[in-house]
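Only one structure is covered here, and it is reproduced in the block below.
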Amino acid sequence: MSNPQVVVHRDGDLLAAAAAARLVTRMVDAQAARGYASVVLTGGRTGTAVLEHLNRNGARDAVDWSRVDLYWGDERFLPSGHPERNETQARAALLDHVALDPSRVHVMEPSDGKFGDDPEAAASAYADLLASVSRPEDHGDVPSFDVCMLGVGEEGHVASVFPASPAVYEKERTVVAVRNCPKPPPTRVSLTLSSVRCAQEVWLMTTGEGKAAAVAMALTGTGEVQLPAAGATGRRRTLWLLDTAAASKVPALFKPPLA
Ligand SMILES: O=C(O)[C@H](O)[C@@H](O)[C@H](O)[C@H](O)COP(=O)(O)O
């Protein structure tokens, strides 16, 4: 488990642009080292803005998109193509504009997919997929993703893991169905925190005053049951990418001295 690092940017747009540039570099380095890059995408405004900026980044095609494995941290359990699905928004923002290998874009099943309106079956199938692509060096049923990107909710949720929810207590399964989610839409499929923690690097990216309390609590010892973002740590790196508003309650010890 890695200690959190905090990087603060002037505003949300600069945060998204800087995170996109960081992601390009991380993916290029992963491909140089191992021949492929694996990234977990997140829904939400910040996560989608990062993909939009990545699509506009001049270094975008330094990435060999045919050797990228994409996953989702969570997905809204809606029909395929629904505008509220994270997949739909990611495709519009980036995926439809780069030469990905479709077989390496690992979508969580929609509610009109092969399992119909059964989110538990969709979750179980995604867990099986993760297990099938895990390598011996991953030491488990979840790949050691190069980067797992996460947005953060005002009450501290990440992916679709909410405070004191069944998902936050899950210790066995790697992917779960989430019902009665406090953030609409109510039914989702989500990685559990233990799956998030398989990533080499976890990037928590959020903006705005409304997130400042959750960010500060996560960084100052609140437990993951009450504040799931506190449990989102990477094997090698846990990076909080914030704008000044979301960082406004972060203790000085986490912020580099102003230049
Ligand atoms: O499917 C989702 O809704 C997201 O995965 C969710 O975890 C999101 O990232 C946070 O709610 C932050 O969302 P914003 O970035 O829009 O604040």
Side-chain angles (χ1 to χ4, degrees), residues 7-76 78-108 110 133 143 145-153 158-160 188-189 191 196 199-208 211 234 237 239-243 245-246:
V7 175
V8 182
H9 293 291
R10 180 184 63 220
D11 58 42
D13 195 53
L14 182 58
L15 183 158
R22 183 184 294 273
L23 185 57
V24 168
T25 301
R26 186 78 189 80
M27 294 173 78
V28 169
D29 286 354
Q31 290 185 331
R34 285 182 302 133
Y36 67 94
S38 62
V39 176
V40 180
L41 304 180
T42 180
R45 289 159 303 173
T46 304
T48 303
V50 171
L51 301 184
E52 289 165 351
H53 276 281
L54 204 168
N55 188 44
R56 298 200 298 268
N57 187 295
R60 182 192 77 179
D61 292 335
V63 175
D64 177 348
W65 291 98
S66 70
R67 293 185 290 124
V68 172
D69 291 305
L70 291 180
Y71 305 86
W72 272 266
D74 72 335
E75 184 56 277
R76 292 91 177 273
L78 294 165
S80 183
H82 191 287
E84 282 302 302
R85 267 180 64 86
N86 294 334
E87 175 201 0
T88 306
Q89 296 178 17
R91 287 191 184 283
L94 173 67
L95 278 49
D96 287 350
H97 310 290
V98 289
L100 289 157
D101 175 347
S103 70
R104 301 180 76 156
V105 178
H106 305 293
V107 170
M108 291 174 164
V133 297
F145 311 111
D146 291 300
V147 179
C148 176
M149 293 191 290
L150 294 168
V152 181
V158 290
S160 291
R188 289 141 171 265
V189 175
L191 297 188
V196 166
Q200 294 297 323
E201 298 193 13
V202 169
W203 299 358
L204 297 106
M205 315 177 302
T206 200
T207 65
K211 309 296 180 77
R237 192 180 200 192
L239 187 57
W240 287 78
L241 298 172
L242 308 171
D243 71 348

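Owing to the predicted nature of the structure, the values given are computational and were not obtained by experimental measurement.
- To the nearest 0.5 angstrom, L54 atom CG is 8.5 Å from R60 atom CZ.
- Closest approach of P110 and P79 over heavy atoms only: CB-C, 3.9 Å.
- Checked for salt-bridge contact, R67 and D64 meet the test: a charged N lies under 4.0 Å from a carboxylate O.
- The CG atom of L51 lies 8.5 Å from the CG atom of L70; values are rounded to the nearest 0.5 Å.
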**Prompt:** Step by step, would you call M27 with D146 a side-chain contact (heavy atoms from CB on, under 4.5 Å)?
**Reply:** CA-CA 8 Å; M27 294 173 78; D146 291 300; over 6 Å; no
**Evaluation steps, side chain to side chain donor-acceptor pair (under 3.5 Å), between D69 and S38** = CA-CA 5 Å; D69 291 305; S38 62; 5.9 Å; no
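- Side-chain contact check for V105 versus W72: some heavy-atom pair is nearer than 4.5 Å.
- V28 places none of its side-chain heavy atoms less than 4.5 Å from the side chain of R26.
- Looking at residues two or more places apart in sequence or on another chain, you find no ring-ring contact (aromatic ring centres under 6.0 Å, His included) involving H97.
- Two residues are said to be in side-chain contact when any heavy atoms from C-beta on lie closer than 4.5 Å; L241 and L204 fail this criterion.
- Here the shortest heavy-atom pairing between V24 and A59 reads CG1-O, 3.6 Å.
- For R45, the CZ atom counts as loosely surrounded, since its 6.0 Å shell holds 12 or fewer non-hydrogen atoms of other residues, nucleotides or ligands.
- Pairs passing the ring-ring contact (aromatic ring centres under 6.0 Å, His included) check and including a residue from residues 24-65, sequence neighbours excluded, do not occur.
- Residues V68 and L100 have side chains in contact (heavy-atom distance under 4.5 Å, counting atoms from C-beta outward).
- Between L41 atom CG and F145 atom CZ the span is 10.5 Å, to the nearest 0.5 Å.
- Remark: E201 CD to M149 CE distance equals 12.0 Å, nearest 0.5 Å.
- With rounding to the nearest 0.5 angstrom, the CH2 atom of W240 is 9.0 Å from the CG atom of L150.
- Closest of all the heavy-atom pairs between V40 and G73 is CG1-N, 3.2 Å.
- Looking only at distances, a side-chain donor or acceptor of K211 sits under 3.5 Å from a matching main-chain atom of V152.
- At least one side-chain heavy atom of L15 sits under 4.5 Å from a side-chain heavy atom of T46.
- In summary, of the residues considered (M108, E84, H82, E87), a side-chain contact (heavy atoms from CB on, under 4.5 Å) with R76 occurs for E84 alone.
- Between L242 and T206 the shortest side-chain heavy-atom distance falls below 4.5 Å.
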**Prompt:** So V107 and Y71, side-chain contact (heavy atoms from CB on, under 4.5 Å) or not? Walk me through it.
**Reply:** CA-CA 7 Å; V107 170; Y71 305 86; over 6 Å; no
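- The two residues A93 and T48 have their closest heavy-atom pair at CB-O, 4.0 Å.
- The nearest pair of heavy atoms linking T88 to P83 is CG2-CA, 4.0 Å.
- In summary, R85 and E75 engage in a salt bridge, as defined by a charged side-chain N under 4.0 Å from a carboxylate O.
- Scanning both residues, V196 and C148, for their nearest heavy atoms gives CG1-SG, 4.2 Å.
- For the atom pair CZ of R91 and CG of N86, the computed distance is 12.5 Å after rounding to the nearest 0.5 Å.
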